[in-house]
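Only heavy atoms go into these numbers, but all of them, side chains included; no hydrogens, no water, no symmetry mates. Residue numbering restarts at 1 for every chain, and letters A, B, ... go by the order of the sequence lines.
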Amino acid sequence: MEIKSTEPKEPREKGIHFIHQIIEDDNKTGKFEQRVHTRFPPEPNGYLHIGHAKSICLNFGTAAKYGGLTNLRFDDTNPTTEDTEYVDSIRDDIRWLGFSWDDREYYASDYFEQLYAWAVELIRKGKAYVCDMSAEEMSANRGNPSVPGKESPSRNRSVKESLDLFEGMRKGEFKEGEKTLRAKIDMASPNMHMRDPVMYRIMHAHHHRTGDKWCIYPMYDYAHGQCDSIEKITHSICTLEFEVHRPLYDWFVKELGIYAPQQIEFARLNLSYTVMSKRKLLQLVKENYVNGWDDPRMPTICGLRRRGYTPESLRNFAEIIGVAKRDNVIDVALLEHCVREDLNKRAFRVMAVLNPVKLVIDNYPEDTVEMLDAINNPEDPEMGTRQIPFSKEIYIEKDDFMENPSKKYYRLSPGAEVRLRYAYFVKCTHVVKDSDGEITEIHCTLDPASRGGNSPDGRKVQGTIHWVSATKGEQAEVRLYDRLFVKENPDDAEEGKDFKDYLNADSLKLITAVVEPYLKDADTNMKYQFERIGYFCFDKDSSTEKLVFNRTVTLKDSWTKQATK
RNA sequence: UGACCGAUGGUGUAAUUGGCAACACGUCUGAUUUUGGUUCAGAAGAGUUCUGGUUCGAUUCCAGAUCGGUCAACCA
């Protein structure tokens with residue numbers, strides 16, 4: 001007799017990505033004594049976008065997975081572009097996403113003194129020198145990938161002289177651009193970054209943290225690896241474009257003989273129908289194509305938040321898209337799927353009519369308002385029920401009535417019967433039109449026995465439509481957002497055009513809707529589903545006189561898809 | 001052009017590290033449904049850029065080619 005093995009299959013996790021594989025290998029060999037310590041290193045010169053969210057989730061998520069820590073480190077080595085406004089927004093965004101760096105909030109500028117001392121050390125070792133060349137000269141002498149560069153005349157000046165000049169640079173004895181400190185590596189290297197890269201430049205600029213203490217500032221390449229080293233970072237995760245910088249990153253650490261973190265590069269996120277570069281996002285804001293960094297059409301974290309995205313949905317998105325090294329374009333439909341999935345579970349259902357037409361129930365008493373029970377979320381009974389006022393005159397969507405319906409249309413039409421959600425079955429008797437032939441009123445009779453939405457005779461109706469009492473409903477401004485661009489890749493512009501030529505003219509539609517009275521008490525922390533329409537959130541522009549809702553995303557709609565076929 | 005990196009359905013990511021390609025999104029059917037939502041059942045869609053090599057066997061290893069990306073700021 002065959003004995004079935006009850007031995008469970010090795011519960012090996014399938015499909016872990018290459019970065020986690022590297023970490024698991026390192027943990028096996030003990031390369032970092034089983035430590036995992038990452039960092040998220042934004043430059044405070046702009047707002048974070050969903051691409052950064054991917055990186056944040058990767059860094060914080062990786063550390064959490066392997067029992068390690070993540071530092072937040074502001075890469076503030078260029079005082080002319082950076083500002084505390086950005087520091088604050090970056091902190092908010094990371095916290096909102098759900099991650100914590102505890103008290104490990106660092107700044108590259110915290111290490112300026114140490115970086116300076118190390119630079120002096122490199123000069124002493126003959127590995128760095130003060131260069132007199134201007135930016136133009138330097139560029140002209142750098143050569144190109146196939147032509148080696150020319151060495152600077154300053155390259156062979158004495159250690160003593162470089163030391164004195166570097167001190168003079170720090171003391172402010174030179175004008176901006178007059179001198180630089182350069183690493184002495186190899187002007188003939190096939191890697192352009194190794195051709196005596198600049199380590200320090202002179203900038204007589206006020207720094208948002210160090211004030212006027214310094215007039216020389218380290219370059220990214222000289223600062224980043226050393227900051228990682230000081231913080232004992234194990235895996236320094238960055239995007240692909242820094243791959244060619246890695247030899248330089250390793251060079252500094254090696255020449256200085258200090259602790260060596262490992263830089264690992266992954267492919268940045270690209271999303272269809274949007275742009276991701278800081279420069280372009282800034283342009284959209286500056287030139288008023290959108291209303292600020294947190295415009296709900298922006299791919300910024302604050303924009304997505306205002307749009308109604310939840311941290312959970314973004315984290316799940318980051319998880320689902322994976323991490324690899326090949327260039328990728330993620331379909332926005334996947335992002336939308338992630339919010340829908342999350343909002344379906346948590347959104348409070350309400351009824352709102354966005355494009356109203358009046359429906360009059362002829363056999364219903366004039367002055368009666370009755371309260372009907374409605375379920376707040378069929379996915380979560382714990383969210384309870386509420387009452388909705390019903391009256392003789394109500395609003396329904398224009399789309400939910402058709403005078404000459406097609407075969408598969410099962411909403412309201414002359415002679416047809418539908419269910420008013422949570423209310424009654426109604427049958428259309430006739431319509432009233434104005435002189436232009438526009439329908440102004442739809443008349444119905446209701447079946448009193450169907451109160452609540454079911455008929456005792458067991459009769460079925462195909463369609464259920466939503467409605468709002470004409471007398472008890474509230475007006476609200478509803479902002480219907482759609483994708484910002486009409487082109488899948490706006491960066492891929494035709495001759496003579498640029499990404500702005502592909503802006504979607506209909507990315508925002510403002511309408512006045514009528515919503516059920518419950519929403520008078522709406523609040524910004526709540527997520528709503530306007531039944532049969534989409535997910536919406538309460539916008540901060542709301543006031544006591546005006547309710548404002550943003551459409552996060554529509555519901556999936558297999559009807560219009562079929563109807564427009 | 002030189003260095004570095006990459007290439008798997010429409011999109012993204014996998015494939016027990018050499019054992020006859022899986023998952024998700026999207027698309028399409030159908031069922032259920034007081035949301036044409038959700039849920040459920042199912043289908044179509046790639047033979048892994050190409051050419052050789054190693055091997056009983058290659059998406060995986062090797063060589064070459066092709067295509068794509070990144071890099072020539074005193075930006076990060």
(request) Have a look at A:V329 and say if it touches a base, only the backbone sugar-phosphate, or nothing, with a 4.0 Å heavy-atom cut-off. (result) sugar-phosphate
(request) Tell me, please, which residues at least two apart from A:P197 pass side-chain contact (heavy atoms from CB on, under 4.5 Å). (result) A:A183, A:I185, A:L248
(message) Give me syn or anti for B:rU8, where syn covers glycosidic angles within 90 degrees of 0.
(response) anti
(request) Using side-chain contact (heavy atoms from CB on, under 4.5 Å) as the criterion, list what pairs up with A:P356, not counting sequence neighbours. (result) A:V353, A:Y395, A:V514
Using a cutoff of under 3.5 Å, can you pull out all pairs of nitrogen or oxygen atoms linking the protein to nucleotides 8-10 of chain B, with atom names and distances?
from  : atom 1 : to     : atom 2 : distance (Å)
B:rU8 : O4     : A:R326 : NH2    : 3.3

(request) Evaluate side chain to side chain donor-acceptor pair (under 3.5 Å) for A:E397 paired with A:N355, printing each intermediate quantity in order. (result) CA-CA 5 Å; A:E397 299 287 348; A:N355 194 11; 5.4 Å; no
(request) Sticking with atom C1', work out how far B:rU17 lies from B:rA58, rounded to a whole angstrom. (result) 13 Å
(request) For A:Q21 and B:rU13, give me the distance from atom CD to atom C1', rounded to whole Å. (result) 13 Å
(request) Specify the separation, in whole Å, of atom CG of A:D557 and atom P of B:rU27. (result) 11 Å
(message) So, using salt bridge (charged side-chain N to carboxylate O under 4.0 Å, His left out) as the criterion, who are the partners of A:E319 when residues are at least two apart?
(response) none
(request) Sequence neighbours left out, what passes salt bridge (charged side-chain N to carboxylate O under 4.0 Å, His left out) with A:D492? Give chain and number order. (result) A:K487
(message) In whole Å, I'd like the distance from the NZ atom of A:K325 to the P atom of B:rA14.
(response) 13 Å
(message) Once side-chain contact (heavy atoms from CB on, under 4.5 Å) is applied, do any residues pair with A:D373, and if so which ones, sequence neighbours excluded?
(response) A:Q387
(request) Measure the distance from CG on A:N270 to C1' on B:rC25 and round it to the nearest whole Å. (result) 17 Å
(request) Write out the stems for RNA chain B, ordered by first number and formatted as range with range, counting runs of at least 3 consecutive Watson-Crick or G-U wobble pairs under 3.5 Å. (result) B:2-7 with B:66-71, B:10-13 with B:22-25, B:27-31 with B:39-43, B:49-53 with B:61-65
(message) The criterion is ring-ring contact (aromatic ring centres under 6.0 Å, His included); which residues satisfy it with A:H206, sequence neighbours excluded?
(response) none
(message) Expressed as a whole number of angstroms, how long is the span from A:Y422:OH to B:rU33:P?
(response) 16 Å
(message) Looking at A:F425, I'd like to know if the NZ or CZ of A:R419 sits under 6.0 Å from its six-membered ring centre while staying within 45 degrees of the ring's axis.
(response) no
(message) We want to know whether A:R421 and A:H466 form a side-chain donor-acceptor pair, criterion being a heavy-atom distance below 3.5 angstrom.
(response) no
(request) Can you tell me, in whole Å, how much space there is between the P of B:rC50 and that of B:rC56? (result) 24 Å
(message) Without decimals, in angstroms, what is the distance between A:R268 CZ and B:rG6 P?
(response) 18 Å
(request) Enumerate the residue pairs fulfilling side-chain hydrogen bond (donor to acceptor under 3.5 Å, both in side chains) with a member in residues 170-181 of chain A, sequence neighbours excluded, ordered by first and then second residue. (result) A:E113-A:R170, A:D132-A:K179, A:E167-A:K171
(message) Without decimals, in angstroms, what is the distance between A:W467 CH2 and B:rU35 P?
(response) 15 Å
(request) Quick one, give me the B/S/- string for nucleotides 66-76 of chain B, reading 5' to 3', where B means a protein heavy atom under 4.0 Å from the base and S means that only happens at the primed atoms, P, OP1 or OP2. (result) ---SSSBSBSB
(message) If the cut-off is 4.0 Å, is A:K460 near the phosphate of B:rU33, judged by side-chain N/O to OP1 or OP2?
(response) no
(request) May I ask you to decide whether A:R209 forms a salt bridge with A:D76, counting only side-chain N to carboxylate O separations under 4.0 Å? (result) no
(request) Return the value, rounded to whole Å, for the distance between atom NE2 of A:H17 and atom P of B:rA15. (result) 12 Å
(message) Among A:F390, A:Y422, A:Y424, exactly one meets ring-ring contact (aromatic ring centres under 6.0 Å, His included) together with A:W467. Which residue is that?
(response) A:F390
(request) Name the nucleic acid region contacted by A:Y409, choosing base, sugar-phosphate or nothing; use a 4.0 angstrom heavy-atom cut-off, strictly under. (result) base
(message) Taking A:R346 first and then A:E379, would you say they form a salt bridge - that is, a charged N and a carboxylate O separated by under 4.0 Å?
(response) no
(message) Once salt bridge (charged side-chain N to carboxylate O under 4.0 Å, His left out) is applied, do any residues pair with A:R340, and if so which ones, sequence neighbours excluded?
(response) none
(request) Determine the Euclidean distance between corresponding P atoms of B:rU54 and B:rA63; express it in Å to zero decimal places. (result) 15 Å
(request) From the options B:rU13, B:rG36, B:rG37, select the nucleotide whose nearest atom is closest to the side chain of A:A324. (result) B:rU13
(request) Sugar-phosphate means primed atoms, P, OP1 and OP2; the rest is base. With that split, encode nucleotides 38-47 of chain B 5' to 3' as B, S or - using protein heavy atoms under 4.0 Å. (result) S---------
